[in-house]
Amino acid sequence: MSSARLWNIVSDNYGTYRDEQTQAAERHGFRLAVQALASVILSLFVDGLSDDNISVLVTALSILIGFAFAAMFPIALESVGGLPKPLYAEDRDDIRVIRQLAMYFRFNVAYFIPLALTCVATLLIQMLDLTVPNFISGLQPRLSPLTADVWYYVSHLRSLASKALLSLSIMLLQESCYTFYRMCFNALSLLRIKEEYISSRSE
């Protein structure tokens, strides 16, 4: 996937976060900064995730991914299907909003699925138990003090990378949960407007 396409997916998703009344775009800088700070702080106080913790998180994310993928088609294809024909200007406005919310939902799903899959990948990487091959570790007693210092810094770099990966996983998990919440919010708004539209045309 090209960087331009990836940027479009992210941009389209964030463009769906608008105030329901004013349609003003929401700002995300502060929320993302808080999420990033919380991720770093949590990673400092957590030694690491156990395999059981990771399994539970991966299972939960997989369920959400399956739900998002399954819900995308009926919402996208049947957003205005079966609705009474619009007669008044207000009816046409409702149809426009319904189609817009269906499009917003597609944008949310297009962003959520790769985001959640990336989170799953970072979690699975943490289950790997990386070790130094025996033929290399066997050479360590023969290493010069200078090379021993290199090994020392490499071990600290590995610890730092582990913390960074944990922090990234927490950040991605928070963003996945928030995106799923907003995705459901758009879907529920769409269903509410459809019900109101059908109810008003049935009176």
Side-chain angles (χ1 to χ4, degrees), residues 1-3 5-18 25-76 101-133 154-191:
M1 183 181 295
S2 66
S3 58
R5 175 57 181 160
L6 184 61
W7 172 253
N8 287 337
I9 290 174
V10 175
S11 178
D12 288 342
N13 173 73
Y14 280 100
T16 67
Y17 298 165
R18 297 179 177 276
E26 297 180 8
R27 296 183 178 180
H28 312 285
F30 179 74
R31 175 181 62 81
L32 291 172
V34 170
Q35 287 181 189
L37 180 61
S39 301
V40 172
I41 293 175
L42 284 173
S43 67
L44 294 176
F45 287 94
V46 176
D47 289 336
L49 297 174
S50 68
D51 288 355
D52 289 340
N53 297 146
I54 294 174
S55 297
V56 169
L57 291 173
V58 169
T59 300
L61 285 171
S62 300
I63 292 172
L64 295 183
I65 291 171
F67 170 81
F69 189 77
M72 178 174 62
F73 296 100
I75 288 181
L101 289 173
M103 179 181 64
Y104 283 177
F105 183 82
R106 291 197 304 271
F107 289 161
N108 295 151
V109 173
Y111 176 71
F112 171 76
I113 290 180
L115 177 72
L117 288 174
T118 303
C119 184
V120 168
T122 61
L123 290 170
L124 293 178
I125 290 173
Q126 294 176 68
M127 295 181 71
L128 301 177
D129 187 15
L130 301 178
T131 58
V132 178
V154 167
S155 65
H156 279 274
L157 183 61
R158 178 182 174 183
S159 177
L160 182 61
S162 177
K163 287 294 184 183
L165 186 60
L166 176 59
S167 178
L168 177 61
S169 297
I170 296 172
M171 177 65 184
L172 292 173
L173 183 61
Q174 291 180 91
E175 183 66 4
S176 296
C177 292
Y178 183 80
T179 304
F180 186 80
Y181 157 72
R182 294 309 299 261
M183 183 173 65
C184 292
F185 180 83
N186 283 331
L188 291 174
S189 296
L190 186 151
L191 293 175

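Bear in mind the structure is a predicted one, so any value in this text is a computation, not a measurement.
Under the 6.0 Å cut-off for aromatic ring centres, Y17 and Y104 do not qualify, their centroids lying 6.0 Å or more apart. Between Y14 and F107, the distance from one ring center to the other does not fall under 6.0 angstrom.
A donor-acceptor pair under 3.5 Å links the side-chain atoms of T118 to the main chain of P114, judged by distance alone. For the pair S167 (side chain) and K163 (backbone), a donor-acceptor distance under 3.5 Å is absent.
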### Message
Between N53 and S50, is the side chain to side chain contact (heavy atoms under 4.5 Å, CB included) condition met? List the steps.
### Response
CA-CA 5 Å; N53 297 146; S50 68; 2.9 Å; yes
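Paired with Y178 under the rule side-chain hydrogen bond (donor to acceptor under 3.5 Å, both in side chains), one option of Q174, R182, E175 passes, and it is R182.
T122 approaches C119 most closely through the heavy-atom pair OG1-O, 2.7 Å. Annotation for S43 and I170: closest pair N-CD1, 4.0 Å, computed over non-hydrogen atoms. Taking each heavy atom of T179 and N108 in turn, the nearest pair found is CG2-O, 4.0 Å. Between L61 and S176 the shortest heavy-atom distance is CD2-CB, 4.2 Å.
Between the CG atom of L124 and the OG atom of S169 there is a distance of 9.5 Å, given to the nearest 0.5 Å. Rounding to the nearest 0.5 Å places CG of L123 at 8.5 Å from CG of L172. Distance check, rounded to the nearest 0.5 Å: CD of Q126 to CG of L49 gives 5.0 Å. Between N186 atom CG and L190 atom CG the span is 8.5 Å, to the nearest 0.5 Å. The CE atom of M171 sits 9.0 Å away from atom CG of L115, with the distance rounded to the nearest 0.5 Å. Rounded to the nearest 0.5 Å, atoms CG (N13) and CG (N8) are 12.5 Å apart.
Contact of the F105 side chain with the L101 side chain is not registered, since no non-hydrogen atoms from C-beta on lie closer than 4.5 Å. Considering only heavy atoms from C-beta on, Y111 stays 4.5 Å or farther from D12 through its side chain. At least one side-chain heavy atom of I65 sits less than 4.5 Å from a side-chain heavy atom of F112. Put simply, the side chain of S189 reaches to within 4.5 Å of the side chain of F185, judged on heavy atoms.
Remark: the D52 side chain and the S55 side chain contain no N/O donor-acceptor pair separated by less than 3.5 Å.
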